[in-house]
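Proteins get letters first, then strands, A, B, ... in listed order; numbering begins at 1 in each.
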Amino acid sequence: NAGVTQTPKFRILKIGQSMTLQCTQDMNHNYMYWYRQDPGMGLKLIYYSVGAGITDKGEVPNGYNVSRSTTEDFPLRLELAAPSQTSVYFCASSRTSGRGNTGELFFGEGSRLTVL
Amino acid sequence: AQRVTQPEKLLSVFKGAPVELKCNYSYSGSPELFWYVQYSRQRLQLLLRHISRESIKGFTADLNKGETSFHLKKPFAQEEDSAMYYCAPFNYGQNFVFGPGTRLSVLP
């Protein structure tokens with residue numbers, strides 16, 4: 001199994017451009033997440049989804065949009081890119097149990113985005 | 001507010017020395033505690049969770065509810081332990097809050 005796959009791995013954008021970070025998982029996990037990692041700041045949750053058709057904002061959603069049309073895919077859209085969105089982005093997924101989210105996250109390799 | 005602190009951004013130890021990565025949390029409810037690790041050029045992955053009470057790669061972590069701490073320890077550090085370590089409390093039904101991370105560098 002591939003696990004969680006993110007594309008692209010690297011991207012440079014100009015201010016005001018838009019792009020979509022792709023994320024797909026083949027583990028049939030219900031929960032999916034997008035995080036951003038800034039130097040020295042840990043991971044901040046952007047958006048998450050508890051299942052197909054359901055998305056919700058995390059801690060830092062401004063400037064981003066997501067969709068979850070299938071269980072496998074959870075793309076992250078950046079509209080009107082700004083230098084403050086320069087970061088490393090991680091997609092993750094987790095499975096559910098009788099109590100809901102089991103708590104173990106499976107991460108993609110990350111996407112390094114630079115906005116100039 | 002939920003908060004996780006890892007006071008050391010960088011921790012350097014010599015091979016064979018004991019290592020302790022500190023984690024303190026301020027969290028509602030009774031969270032489960034996790035440690036995640038990111039080795040160079042690899043993806044973030046789960047190292048251990050306190051509920052399992054197991055030792056992974058020689059690492060252990062004890063949850064101290066009184067001090068709200070979950071420090072990660074290893075008695076004899078190895079060079080392959082060099083990595084970024086993140087403490088993450090978790091309440092079922094909610095989302096993770098990750099600490100800022102500690103970079104462990106094990107020197108030969």
Side-chain angles (χ1 to χ4, degrees), chain A residues 1-7 9-10 23 25 27 29-51 54-61 66 87-112, chain B residues 1-11 21-27 29-54 56 61 63 70 83-104:
Chain A
N1 287 339
V4 179
T5 303
Q6 287 180 238
T7 57
K9 286 189 168 55
F10 303 94
C23 176
Q25 52 93 8
M27 297 173 283
H29 287 173
N30 282 341
Y31 288 73
M32 295 189 74
Y33 309 81
W34 274 105
Y35 290 90
R36 58 178 286 171
Q37 182 184 37
D38 299 324
M41 300 296 291
L43 282 77
K44 301 289 187 184
L45 182 64
I46 306 171
Y47 270 95
Y48 66 100
S49 169
V50 302
I54 305 169
T55 62
D56 212 341
K57 295 178 181 178
E59 189 179 356
V60 289
V66 293
S87 189
V88 180
Y89 292 83
F90 288 98
C91 180
S93 71
S94 64
R95 60 185 173 88
T96 56
S97 69
R99 298 175 66 183
N101 191 336
T102 63
E104 179 178 0
L105 295 175
F106 294 83
F107 284 88
E109 292 182 298
S111 300
R112 184 177 295 277
Chain B
Q2 297 165 344
R3 192 175 174 206
V4 184
T5 56
Q6 294 179 247
E8 303 111 344
K9 283 190 176 180
L10 174 65
L11 184 62
L21 292 89
K22 292 185 169 60
C23 171
N24 291 89
Y25 63 94
S26 173
Y27 223 77
S30 297
E32 184 176 346
L33 275 296
F34 292 71
W35 277 98
Y36 279 81
V37 61
Q38 188 174 25
Y39 301 103
S40 178
R41 295 188 177 83
Q42 294 187 29
R43 62 187 72 196
L44 265 159
Q45 59 189 283
L46 176 65
L47 178 63
L48 58 79
R49 55 201 298 175
H50 91 270
I51 199 170
S52 299
R53 299 187 182 280
E54 56 191 348
I56 305 293
L63 176 61
F70 188 54
M84 195 76 180
Y85 291 81
Y86 295 93
C87 178
F90 175 73
N91 272 329
Y92 288 99
Q94 299 179 17
N95 291 309
F96 278 91
V97 174
F98 283 86
T102 296
R103 181 169 296 283
L104 174 64

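Contacts between Gln37(A) and chain B at a heavy-atom distance below 4.5 Å involve the side chain alone, from C-beta outward. Residue Phe106(A): no heavy atom, backbone or side chain, is found under 4.5 Å from chain B. Only the side chain of Leu45(A) comes within less than 4.5 Å of a heavy atom in chain B; its backbone stays farther off. For Gln42(B), no part lies near chain A; criterion is any non-hydrogen pair under 4.5 Å.
Although no hydrogens or angles enter the test, the distance criterion places a donor-acceptor pair under 3.5 Å between the side chain of Tyr36(B) and the main chain of Leu105(A).
Enclosure of atom CZ in Arg43(B) by more than 12 non-hydrogen atoms of other residues, nucleotides or ligands within 6.0 angstrom is indicated.
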